[in-house]
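Before any comments, here is the structure.
All chains are named by letter (A, B, ...) in the order of the sequence lines, taking the proteins before the strands, and each is independently numbered beginning at 1. Basis for what follows: all heavy atoms, side chains included, without hydrogens, waters or symmetry-related copies.
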Amino acid sequence: MKLIALNLPRDFTEQELAELFKAHGNIKSCTLVLDAGTGKSKGFGFVEMALAHEGEAAIKALHGSKVGKEKIRVKQAD
DNA sequence: GATGAGCGT
């Protein structure tokens with residue numbers, strides 16, 4: 001279950017991304033997409049959940065949730 | 001960051 005999290009705050013870290021999703025399921029792996037040049041977040045990242053139902057739960061729980069100053073969007077990536 | 005939506009070093 002691969003998830004993509006959009007509209008993340010620019011100061012968000014991969015660590016925080018992991019903590020956010022770990023609260024709703026077991027993370028297999030997570031990736032915060034960074035800009036090659038600046039090293040800053042591009043504002044989105046991927047999270048691989050161990051189980052499909054955990055991914056669904058994470059989407060329902062986190063999609064539209066307030067993170068920092070923006071509401072993030074969470075969708076299934078694949 | 002910025003029109004909003006978006007699928008990666």
Side-chain angles (χ1 to χ4, degrees):
Chain A
M1 180 58 154
K2 183 155 48 170
L3 271 38
I4 179 173
L6 290 317
N7 213 43
L8 264 27
R10 286 318 201 265
D11 55 345
F12 213 59
T13 68
E14 194 167 283
Q15 171 87 237
E16 294 175 295
L17 183 65
E19 294 299 321
L20 191 66
F21 281 79
K22 271 165 56 179
H24 301 281
N26 300 299
I27 294 179
K28 190 186 296 182
S29 65
C30 71
T31 304
L32 182 69
V33 181
L34 306 177
D35 184 87
T38 66
K40 306 301 181 187
S41 169
K42 282 186 178 177
F44 70 98
F46 295 87
V47 178
E48 174 88 57
M49 302 303 286
L51 277 46
H53 84 266
E54 294 177 333
E56 296 291 348
I59 292 176
K60 290 188 303 182
L62 300 173
H63 182 70
S65 66
K66 261 281 193 174
V67 174
K69 119 183 224 303
E70 300 286 343
K71 284 192 173 186
I72 68 171
R73 302 200 300 278
V74 182
K75 305 159 54 174
Q76 178 174 9
D78 286 292

Requested in this report: Extract, from 5' to 3' on DNA chain B, the first and final nucleotides lying under 4.0 angstrom from some heavy atom of chain A.
Outcome: B:dG1 to B:dT9
Query - Earlier contact from the 5' end, DNA chain B, for A:K69 and A:K42 - result: A:K69
Query raised in the report: Counting any heavy atom closer than 4.0 Å, what does A:Q76 reach on the DNA or RNA strands: base, sugar-phosphate only, or nothing?
Result: base
Query raised in the report: In Å and rounded to the nearest 0.5 Å, what is the CG to CZ distance from A:L8 to A:R73?
Result: 10.5 Å
Query raised in the report: To the nearest 0.5 Å, how far apart are CD in A:E19 and SG in A:C30?
Result: 9.0 Å
Query - Whole-Å C1' distance, B:dG6 and B:dG1 - result: 12 Å
Query raised in the report: Does A:K75 reach the side chain of A:L3, with side-chain heavy atoms less than 4.5 Å apart?
Result: no
Query raised in the report: Under 3.5 Å, side chain of A:N7 to main-chain N/O of A:K71, donor-acceptor pair present?
Result: yes
Requested in this report: Could you check whether A:A36 gets within reach of a base, just the sugar-phosphate, or nothing at all, counting any heavy atom under 4.0 Å?
Outcome: nothing
Query raised in the report: Can you list the residues that meet the side chain to side chain donor-acceptor pair (under 3.5 Å) rule with A:Q76, with sequence neighbours excluded?
Result: none
Query - Proximity to DNA chain B (any heavy atom under 4.0 Å), residues of residues 4-11 of chain A only - result: A:I4, A:L6, A:N7, A:R10
Query raised in the report: Which part of the nucleic acid does A:E48 contact within heavy-atom distance under 4.0 Å: base, sugar-phosphate only, or nothing?
Result: nothing
Query raised in the report: Between A:E70 and A:K2, which has a closest nucleotide on DNA chain B that is more 5'?
Result: A:E70
**Report entry** Side-chain donor/acceptor of A:E48 to backbone N/O of A:K28, under 3.5 Å
**Finding:** no
**Report entry** Whether over 12 other heavy atoms sit under 6.0 Å from A:K66 NZ
**Finding:** yes
Requested in this report: Can you spot which of A:L62, A:V74, A:V47 makes a side chain to side chain contact (heavy atoms under 4.5 Å, CB included) with A:L20?
Outcome: A:L62
